[in-house]
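A short write-up of the structure that comes next.
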Amino acid sequence: MPSGTTIMRHRVRSRNVKNQEQSMKRLEGKRAVITGAAHGIGKAIAEAFVREGASLILADIDETAVTALADTLGQTPARVDVGRKAEIDALFALVERQWGGIDILVNNAGVTHACDLLDLAEEDFDRVFAINLKSALWATQAAGRMMQAGGVIINMSSVNAVLGIPNQIPYALSKGAMKQLTNVCALSLAPRGIRVNAIGPGTILTELARSIMTDKAAEDRILSRTPLGRTGAPEEIASVAVFLACDESSYITGQTIYPDGGRLGLNYTVPIVRT
């Protein structure tokens with residue numbers, strides 16, 4: 001039977017461990033806006049940021065889904081069409097009212113449009129660029145005006161910033177431009193002590209990827225170009241976002257990190273090994 005002193009020491013030790021775990025949260029006290037937050041990678045980033053102690057405004061055009069996620073996480077939802085600058089301005093007016101400033105912006109919202117070159121319509125091209133690229137520019141401008149030194153902006157790019165897909169012309173072009181947007185914004189905001197980086201995922205098992213991998217042949221095409229032999233998980237991209245958002249990456253700016261299972265380094269296909 002342990003003595004009262006032993007029990008008390010154990011309680012103190014347990015309390016100290018708990019306090020230490022709480023103090024180790026990497027985003028404690030940070031205020032973050034995430035666009036495209038309701039599903040997939042955006043949702044995983046939101047969940048990871050909350051675990052790390054951040055307060056969030058979750059923006060998405062899917063009002064029902066973003067409200068449900070915000071309720072679950074105890075955060076603030078905002079129904080926003082990021083393809084419209086006026087709605088981005090309204091989002092940051094909300095940020096000003098609620099917080100008076102911002103520490104982290106994640107420009108995650110994005111869409112695709114599959115179409116052959118000869119059939120591509122101007123309105124579809126403009127819609128993809130408005131959501132994938134222009135929204136990141138205007139949100140970065142708005143956030144940059146409100147951020148203090150130590151602020152962080154994270155853009156969601158893609159391996160398609162440097163790899164082409166013939167029937168994904170506006171998507172690939174927008175992600176290529178996102179790489180340069182990250183570079184120029186990093187240079188522009190460096191004198192203010194604000195870092196800007198991007199994440200360029202390979203194939204991540206989101207709802208969209210599941211809709212593409214509809215049969216064994218489609219799955220094999222994706223896995224044959226991925227040396228690690230599997231798709232990524234949204235949580236793996238979220239862990240990169242946490243790293244870029246916290247002080248562990250304090251000397252990194254203007255970079256795109258590619259969590260792609262080795263795809264960018266591959267100039268051949270690999271055999272599919274099934275277990």
Side-chain angles (χ1 to χ4, degrees), residues 33-45 59-62 80-89 91-92 105-144 153-189 196-204 206-209 211-212 222 225 232 234 237-238 240-241 244 253-260 263-264:
V33 169
I34 304 171
T35 69
H39 304 282
I41 291 172
K43 179 181 178 182
I45 292 174
D60 202 285
I61 197 169
D62 187 340
V80 180
D81 178 357
V82 297
R84 304 171 69 89
K85 185 176 184 295
E87 296 200 22
I88 293 175
D89 293 340
L91 170 63
F92 282 90
L105 167 65
V106 181
N107 288 310
N108 173 71
V111 295
T112 65
H113 179 73
C115 183
D116 290 334
L117 170 63
L118 302 184
D119 298 320
L120 181 62
E122 182 179 14
E123 57 267 27
D124 292 322
F125 181 91
D126 290 346
R127 178 178 60 89
V128 172
F129 259 66
I131 296 170
N132 290 12
L133 184 68
K134 289 174 66 177
S135 71
L137 170 62
W138 300 129
T140 294
Q141 181 189 70
I153 297 169
I154 302 170
N155 295 324
M156 194 57 60
S157 185
S158 167
V159 291
N160 294 121
V162 293
L163 296 177
I165 298 178
N167 71 340
Q168 287 287 349
I169 295 167
Y171 179 80
L173 289 175
S174 69
K175 294 305 182 181
M178 178 70 89
K179 185 177 187 300
Q180 191 70 330
L181 178 67
T182 300
N183 292 339
V184 297
C185 289
L187 296 174
S188 296
L189 295 175
V196 185
N197 291 293
I199 304 172
T203 303
I204 307 302
T206 61
E207 295 91 338
L208 177 61
S211 71
I212 295 171
I222 289 173
R225 66 193 187 194
I237 309 306
V240 179
L244 289 175
T253 195
Q255 303 300 309
T256 301
I257 296 177
Y258 294 100
D260 65 351
R263 181 177 170 187
L264 284 183

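Owing to the predicted nature of the structure, the values given are computational and were not obtained by experimental measurement. Start at 1 with the first residue, then count along the sequence. When reading the values below, keep in mind they use all heavy atoms of this one structure, side chains included, and skip hydrogens, waters and symmetry mates.
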Any donor-acceptor pair under 3.5 Å linking the side-chain atoms of [Y] with those of [X]?
X	Y	answer
Thr35	Asn108	no
Thr182	Asn197	no
Asp116	Asn167	no

Legend entry - Partner residues of Arg127 under the salt bridge (charged side-chain N to carboxylate O under 4.0 Å, His left out) criterion, sequence neighbours left out: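 Salt bridge (charged side-chain N to carboxylate O under 4.0 Å, His left out) list for Arg127, sorted by chain: empty.
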
Legend entry - Partners meeting side-chain contact (heavy atoms from CB on, under 4.5 Å) with Ala37 (sequence neighbours left out):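 Listed in chain order: Ile34, Leu58.
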
Inset, instruction - Kindly write out the residues that satisfy side-chain contact (heavy atoms from CB on, under 4.5 Å) with Ala177, not counting sequence neighbours, or none if the list is empty. - result: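 Checked Ala177 against side-chain contact (heavy atoms from CB on, under 4.5 Å); matches are Leu133.
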
Any [X] side-chain heavy atom under 4.5 Å of [Y] side chain:
X	Y	value
Ile169	His113	no
Gln255	Asn183	no
Lys134	Val82	no
Val128	Thr112	no
Ile154	Leu105	no
Pro201	Tyr258	no
His39	Thr206	no
Ser135	Ile88	yes

Looking only at non-hydrogen atoms, find the nearest pair between [X] and [Y] and report the distance.
X	Y	value
Gly200	Pro259	O-CD, 3.6 Å
Pro170	Phe129	O-CE1, 3.5 Å
Phe92	Ala139	CZ-O, 3.6 Å

Checking the side chain of [X] only, and the main-chain atoms of [Y] only, is there a donor and an acceptor separated by less than 3.5 Å?
X	Y	value
Ser174	Asn132	no
Ser157	Met178	no
Glu87	Val80	no
Asp260	Leu264	yes

Please round to the nearest 0.5 Å and tell me the distance separating atom [atom1] of [X] and atom [atom2] of [Y].
X	Y	atom1	atom2	answer
Asn107	Ile131	CG	CD1	13.0 Å
Thr140	Trp138	OG1	CH2	11.0 Å
Lys179	Asn160	NZ	CG	14.0 Å
Ile199	Ile257	CD1	CD1	7.0 Å
Met156	Thr256	CE	OG1	11.0 Å
Leu91	Lys85	CG	NZ	12.0 Å

Inset, instruction - Using a cut-off of 6.0 Å, state whether more than 12 heavy atoms not belonging to Lys175 lie near its atom NZ. - result: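 Count over threshold, so yes.
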
Legend entry - Check against side chain to side chain contact (heavy atoms under 4.5 Å, CB included), Cys115 and Phe125: CA-CA 10 Å; Cys115 183; Phe125 181 91; over 6 Å; no

